[in-house]
Amino acid sequence: MSNEIYRRVEADPAYQQLVQRRGRLALLLSVTTLVAYYAFMAVVAFAPTALSPTIFEGGTLTIGAPIGAALILGSWLLTGWYVRKANTEFDQLTHAIAERAK
Amino acid sequence: MKPLMKTGALSALLLLCAGVALAGPGDVGQVAKQPINMTAIAMFLVFVLFTLGITYWAAKRTSSTSDFYTAGGGITGFQNGLAIAGDYMSAATLLGLSSMVFLRGFDGFVYTISFFIGWPVILFLLAERMRNLGRFTFADIASYRLHQGSIRTFAAFGSLTVVCFYLIVQMVGAGQLIKLLFGLDYPIAVVVVGVLMVVYVTFGGMIATTWVQIIKAVLLLSGGLLMLGLAMSHFGFSIETLASSAVDAHKDGAAIMHPGSLLADPVTAVSLSLGLVFGTAALPHIMMRFFTVPNAKEARKSVFVASGFIGLFFIVVCLLGLAAIVIVGKDPQFFENGDIGGKLLGGNNMPVMHLAKAVGGDLFLGFLSAVAFATILAVVSGLALAGASSIAHDIYARVIKKGQASEAEEMRVSKIASIGLGVVAVILGIMFEKQNVAFLVGLTFGIAASANFPVLVLSIYWKGLTTRGALIGGIVGLVSAVTFVVLSKAVWVVVLGFEHAVFPYEQPALFSMPLAFFFTWLFSVTDKSARAAVDVSGFRDQNVRAQTGIGAAAASAH
C-alpha cells in the first residue's frame, strides 16, 4: 500500500472526524465499564454491607445479586451499542474515505 | 486458618482462569482414580469421531498458509464469536466457578464478574485495530513499524513462552480431570489429548480448530442450560426460592448472600483482575482469533457475540453452583463415607458434576464429562496452532528466511512445529504430573500481561515507541513477572520449600505491568538512534491503516 493513499486519507476531513468520534466513543465506553467495575469491587472490598439489603422485605436475595448481574448485562449492552455504531456509521465513513482515496 | 483458606481459594481461581479445574495446590496429584465410566467414554468417542470427520473436511480446504493459520480469514463474526466463547468457557470455568459459588456463595459471583469484564474493553480498544494491522500473529502487529528481526523474535518468544506454560497447565489439568471423570490412567489421558490435538491442528489447521471450538461451545452452553432447567424445576423456577433454600442448606447460612472475606486483600484482588483483563487480551491463541474474520466489522461482531454467550454462561454457572448447595450439599451419596458437610467425592471442583448426576442421572453425567474433555481438547488445539504459527511464520519464514520462504516450505515447517509441540506437551504433561502447577498460571498471565500486552498496546497507540524501548520494556516485563512469581508463595514456599515468601502476593501484574510500561517509555524517549527515527515515522501510516483497515489482508471465502 503506497504512502500516497495514506496521505490522501489523512487529508480527508471525514477521516479526522472518524478518528475523533470513534476514539471518543471507545474511550467513553471503556471508562464507563472500568469505573463501574472497579467501583463495584471497591464496595465489595471496603463496604461489603452496602450490598446486603434484601430485594424483598423478608426475602433472601440481596441487592448485590442484581447489581452484579447488571454489570455483566450492562457492559454487554455497551458492546452492542459500540458494535452498532461502528458497523453502521463508522464503517460508512471509512468506506467513503477509502473510496475517495483510491 | 482464614488466610490459608483465602490463598487456597485464590489459587483455585488462578488455576481456573487458566482453564484447569483443580481446587488448589493441595489437590494436584491427589485425585483418586474413579471406576471406568463407559457412558462418558462412549459419548466422548462420538465427539472425537465427529470432529475427526470435520478435520478431514477441513484438511481438503487447507492449502495455503493463510488457510492454515487463520482459516483464510473466512470465518464469520458469529462463528468466531462462538469460538472465542468456546476458548473462554472452559471445563474450568464450569467446574471452578460453580464450585466457588458452592463453597463461598456471593464471592464466587464477584469473581465471575471479574472474569467477564475484560471483554468489552478488548472490543472498545483493541479488537478492530488488531484485525486491521495483523495478518497471522501478534508479532505481525508489534513489528509493523519496528525492527522486524528483533521485535518479531521477541514477540514470537513471548508467545511461545505463554503457549508452553499454558500447555503444561492444560495437560496436567486434563490428565487429572480425565482420571477423575473417565477412570483412565493419567499418562493415557495425556497421550490421548496430545495425539488428538496434533491431528486436529496438523491436518485441519485453523478451520478444524475453529469448528471443534464452536461445537464444544454449543454443547457446553446447551448442556449448562438444560441442567439449569432441570435444577430450577426443584425450586419452582424461582430464584428467590433457590436462594432461600441455599441459605438454609449452607453451613454459612445467610452469609453466602453477602461479599465475604475473599477480597479482604485488595492488592491481590486488583493485581488478579489486571492480570485477567490484560493478560487475556494478550494470549496468543485469543489474539489469533481476530485474524480469522474477513474485516474489522466481523471482528467487532465476534466480540459482541462472544461476550454475550460468555456472560450468559457465567450467570448460568453461578446459578448451578447455588442449586448445587441445596441439591448436592444435602445428599450423602456425594460425600466421602456419606458424611454430609465432609469431603466431597472427587474433590472440591465436583459440585456441578454431582449436580448433573442428581438432576439427570448417569447419562447426563456422562454427557457433561464428555463435554469437559472436549473442552480441554479444543483449548489445547488453539494453543498448539498459536505456537506453530509463531515458529513457522515469525521465526522461520520472517526472521530466518527473511520473508523468502515459499508457501509450501512454511506449511511444512508449521506442521512439523505442531507435531513438535504435541510431543513437548505430552512429555511436559507427564513430567509435571506430580508437580504443583499453580505457579505456572500466575506466570502465564503475568507474562502475557507484562511482556506481550505493553508492547502490543503501545505499538498500536503510542507514536513514540521505538524498537529499543519495546525490547527493553518487554524484557523487563518478562523478567519481573517471572521473578515476582518465583519469589511468591506458590514457588518460593510450596515448590522450593522456603519458609516465607519474599513477594507477598500471588499475582505479579500490578507490579510488573507498570515496570514494563515505565521502561518501555524511558528507553523509547531517550532513544536518539537512526532506527528510532524510522520507528516513529512509521506510526503515521500504521495509524491510518489501524483506523481504516486500508491495506489490511483481504479474506478468502470458504
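Heavy atoms only: backbone and side chains are in, while hydrogens, waters and symmetry mates are out. Here is the naming used below: chain letters follow the sequence lines, and residue numbers restart at 1 for every chain.
- The distance from atom CD1 of B:Ile239 to atom OG1 of A:Thr60, rounded to the nearest 0.5 Å, is 12.0 Å.
- In this structure, A:Arg84 places its CZ atom where only 12 or fewer heavy-atom neighbours from other residues, nucleotides or ligands lie under 6.0 Å away.
- Per-residue counts of heavy-atom pairs under 4.5 Å with chain A were compared for B:Phe304, B:Phe314, B:Trp119; the largest is that of B:Phe304.
- Residues A:Leu71 and B:Ile117 come closest through the heavy atom pair O-CD1, 4.5 Å.
- For the set A:Ala98, A:Ala42, A:Pro48, the count of heavy-atom pairs under 4.5 angstrom toward chain B peaks at A:Pro48.
- Taking chain B as the reference chain and counting heavy-atom pairs below 4.5 Å, the highest number among A:Leu93, A:Ile72, A:Thr54 is found for A:Ile72.
- At a 4.5 Å heavy-atom cutoff, the contact between B:Leu123 and chain A is made by backbone and side-chain atoms alike.
- Between the side chain of A:Thr62 and the backbone N or O of B:Met257 there is at least one donor-acceptor pair closer than 3.5 Å.
- Between chain B and the options A:Val83, A:Leu61, A:Ile97, A:Leu27, heavy-atom pairs under 4.5 Å are most frequent for A:Leu61.
- Interface residue A:Thr79: backbone and side-chain heavy atoms are both found under 4.5 Å from chain B.
- The two residues B:Phe124 and A:Thr33 come nearest to each other via the heavy atoms CE1-OG1, 3.6 Å.
- Contact count against chain A (heavy-atom pairs under 4.5 Å) is highest for B:Gly308 among B:Gly308, B:Gly311, B:Ala296.
- For B:Phe116 and A:Trp76, the ring centers are positioned 6.0 Å apart or more.
- A donor and an acceptor atom, one from each side chain of A:Tyr37 and B:Ser114, are located under 3.5 Å apart.
- Looking at B:Val303, neither its backbone nor its side chain comes within 4.5 Å of chain A, counting heavy atoms on both sides.
- None of A:Leu29, A:Leu34, A:Val31 except one satisfies the side chain to side chain contact (heavy atoms under 4.5 Å, CB included) rule with B:Val121; the exception is A:Leu34.
- Atom OG of A:Ser30 and atom CD1 of B:Ile122 lie 11.0 Å apart (nearest 0.5 Å).
- Contacts with chain A were tallied for B:Ala127, B:Ala254, B:Ala243; B:Ala243 has the most, counting heavy-atom pairs under 4.5 Å.
- Annotation: side chain to side chain contact (heavy atoms under 4.5 Å, CB included) contacts of A:Ile63 (sequence neighbours excluded): A:Pro53, A:Ile55, A:Ile67.
- For residues 8-17 of chain A, heavy-atom neighbours of chain B at less than 4.5 Å comprise A:Val9, A:Glu10, A:Tyr15, sorted by residue number.
- Residues passing the ring pair (Phe, Tyr, Trp, His ring centres under 6.0 Å) test with B:Phe278 are B:Phe453, sequence neighbours excluded.
- In this structure the side chain of B:Ile113 never reaches within 4.5 angstrom of the side chain of A:Met41, judged on heavy atoms.
- Of the two parts of A:Asn87, the backbone and the side chain both hold a non-hydrogen atom closer than 4.5 Å to a non-hydrogen atom of chain B.
- Here A:Val19 is the residue among A:Leu18, A:Leu51, A:Val19 with the most heavy-atom pairs under 4.5 Å with chain B.
- Residues forming a salt bridge (Lys or Arg N to Asp or Glu O under 4.0 Å) with B:Glu128 (at least two apart in sequence, or on another chain): A:Arg22, B:Arg300.
- With a 4.5 Å cut-off on non-hydrogen atoms, A:Phe90 does not touch chain B at all.
- Residue contact with chain A, scored on non-hydrogen atoms closer than 4.5 Å, involves the side chain of B:Phe106 exclusively.
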